Participant: 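Here it is: the structure, laid out below.
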Amino acid sequence: MLQPVLKSLPCVQRYPGNPVLTSRDVPYDSSLVFNAGVIRWEDGYAVAFRNDYGCSQAGWETGERLTGTNIGLALSSDGIHWNVEPNPVMEVKDEEVQRVYDPRLTVIDGEVYMTFAMDTRHGLRGGIAHTEDLHRYDIISLSVPDNRNMVLFPEKVNGMYLRLERPMPVYSRGGKDRFDIWLSESPDLIHWGRSSLVAGVEDFPFANDKIGPGAPPVRTDKGWLVLTHAVDRDDSRGKNGWEKAWTKRYCAGMMLLDLKDPSNVLGICRKPLLAPEESYETEEGFRTHVIFPTAAIAEADGTLRIYYGASDTVIALAEAKINDLVDACLAGGC
Ligand code: BMA
């Protein structure tokens, strides 16, 4: 079905110099640099990013396969200009595991954790790793398949660690993508349970396919602000990426969860926070029409920096006032 044109909320501004990090900035084999975790680190910022490698642009534009994925690390004093470390910091590839990807970073009680997705021969697993120095990662927890897009809350709530996650129940949801956002809790970041549904794809008016957690939640006075991705499908859309026809559009959405009981949704923004509009989001990449938010940093002046993968090809930045975003969640849009 033909889907309507979607526009970003007026209260969000893209950084005019977007994209802020691309494969051209990477000193090792790199084809696509996107979906990244960002935290404040020392006096600046650190980003752990997904790097798909092994194929030139001319190659991926004509359907050639990328051969691998690793996680790169870059540091920055302003969160805009990045120095990429000389070597990738994480890659898992063996008989069972094909790759790890889509890292998100969260600091809890001064400890840094990375959540990630892991493709294996027996399904897609969501993982959590701990790192002391952003260079070495110890995997401390892996889910059963199929689960991905895990994000950790930056603090315990009621004495428990919390994560948002997106299991992929195809068999029980009519054989289609109908994926929702769930909440699970853990006493130790290893054992996860007491899971509950937070929001279904049907709760996001501009999604008809799936939703998933985007960035780790941000504490605000009025609730946990959660950026999500929200996907609609339109069969008239064209070919892109590896698929015969790339019919999906990924927007950034958002919702506000109760501070004390995050399974309680206080408001879901009825419109997309960011919809693909700029050329690096709509036409120039490996895919088209993909905005995949993966990090949100609250600045002291009340601004939220939003980092997102654009068209699975580059990393872009947008900003908005946190109060405007909270109001938009509670009111339905700004
Ligand atoms: C999701 C993941 C992401 C990707 C997105 C858009 O399912 O594979 O890594 O950015 O699709 O292609």
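Everything numeric in this text was worked out from a predicted model, so none of it was measured. Order of listing sets the numbers, starting from 1, for every ligand and every atom in it.
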Participant: Would you check whether His229 reaches within less than 4.0 Å of ligand 1, judged by its heavy atoms?
Facilitator: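 Per 4.0 Å heavy-atom rule, His229 does not contact ligand 1.
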
Participant: Does ligand 1 come near enough to Arg50 that some N or O of the ligand is less than 3.5 Å from an N or O of the residue?
Facilitator: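 It does: an N or O of Arg50 is found under 3.5 Å from an N or O of ligand 1.
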
Participant: What residue and atom, counting heavy atoms only, is the protein's closest point to atom 10 (O) of ligand 1, and at what distance?
Facilitator: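 The answer is Asp312 OD1, 2.7 Å.
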
Participant: According to a hydrophobic-cluster definition based on side-chain heavy atoms being under 4.5 Å apart (Ile, Leu, Val, Met, Phe, Trp, Tyr only), do Ile211 and Phe179 belong together?
Facilitator: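 Cluster IDs for Ile211 and Phe179 differ.
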
Participant: Applying the side-chain hydrogen bond (donor to acceptor under 3.5 Å, both in side chains) test to Asp102, which of Thr294, Thr69, Asn35 qualifies?
Facilitator: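 The passing option is Asn35.
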
Participant: Can you report which non-hydrogen protein atom sits closest to atom 7 (O) of ligand 1, along with the distance?
Facilitator: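 In this structure, atom 7 (O) of ligand 1 has Arg148 NH2, 2.7 Å as its nearest protein heavy atom.
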
Participant: Counting only heavy atoms, tell me which of Trp246, Phe179, Tyr250 gets closest to atom 1 (C) of ligand 1.
Facilitator: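 Heavy atom nearest to atom 1 (C) of ligand 1 belongs to Tyr250.
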
Participant: Taking Arg50 first and then Asp52, would you say they form a salt bridge - that is, a charged N and a carboxylate O separated by under 4.0 Å?
Facilitator: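 Yes, this pair counts.
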
Participant: Hey, which atoms in ligand 1 end up nearer than 4.0 Å to a heavy atom of Val290?
Facilitator: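 Going through ligand 1 atom by atom, the ones under 4.0 Å from Val290 are 6 (C).
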
Participant: Within 45 degrees of the ring normal and closer than 6.0 Å to the centroid, is that where the cationic atom of Arg219 sits relative to Trp224?
Facilitator: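 Here Arg219 passes the 6.0 Å and 45° test against Trp224.
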
Participant: In the protein, which heavy atom is nearest to atom 9 (O) of ligand 1, and how far is it?
Facilitator: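 Ranked first by proximity to atom 9 (O) of ligand 1 is Asp102 OD2, 2.6 Å.
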
Participant: How does Arg287 reach ligand 1, if at all, at less than 4.0 Å between non-hydrogen atoms: by side chain, backbone, both, or neither?
Facilitator: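 Answer for Arg287: side chain.
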
Participant: His229 vs Tyr250 aromatic rings, parallel, tilted or perpendicular, using cut-offs 30° and 60°?
Facilitator: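 Taking Tyr250 first and then His229, their aromatic rings sit tilted (interplane angle of 30° to 60°).
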
Participant: Between Arg14 and Glu281, does any NZ, NE, NH1 or NH2 come within less than 4.0 Å of an OD or OE carboxylate oxygen?
Facilitator: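 Result for this pair is yes, salt bridge flagged.
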
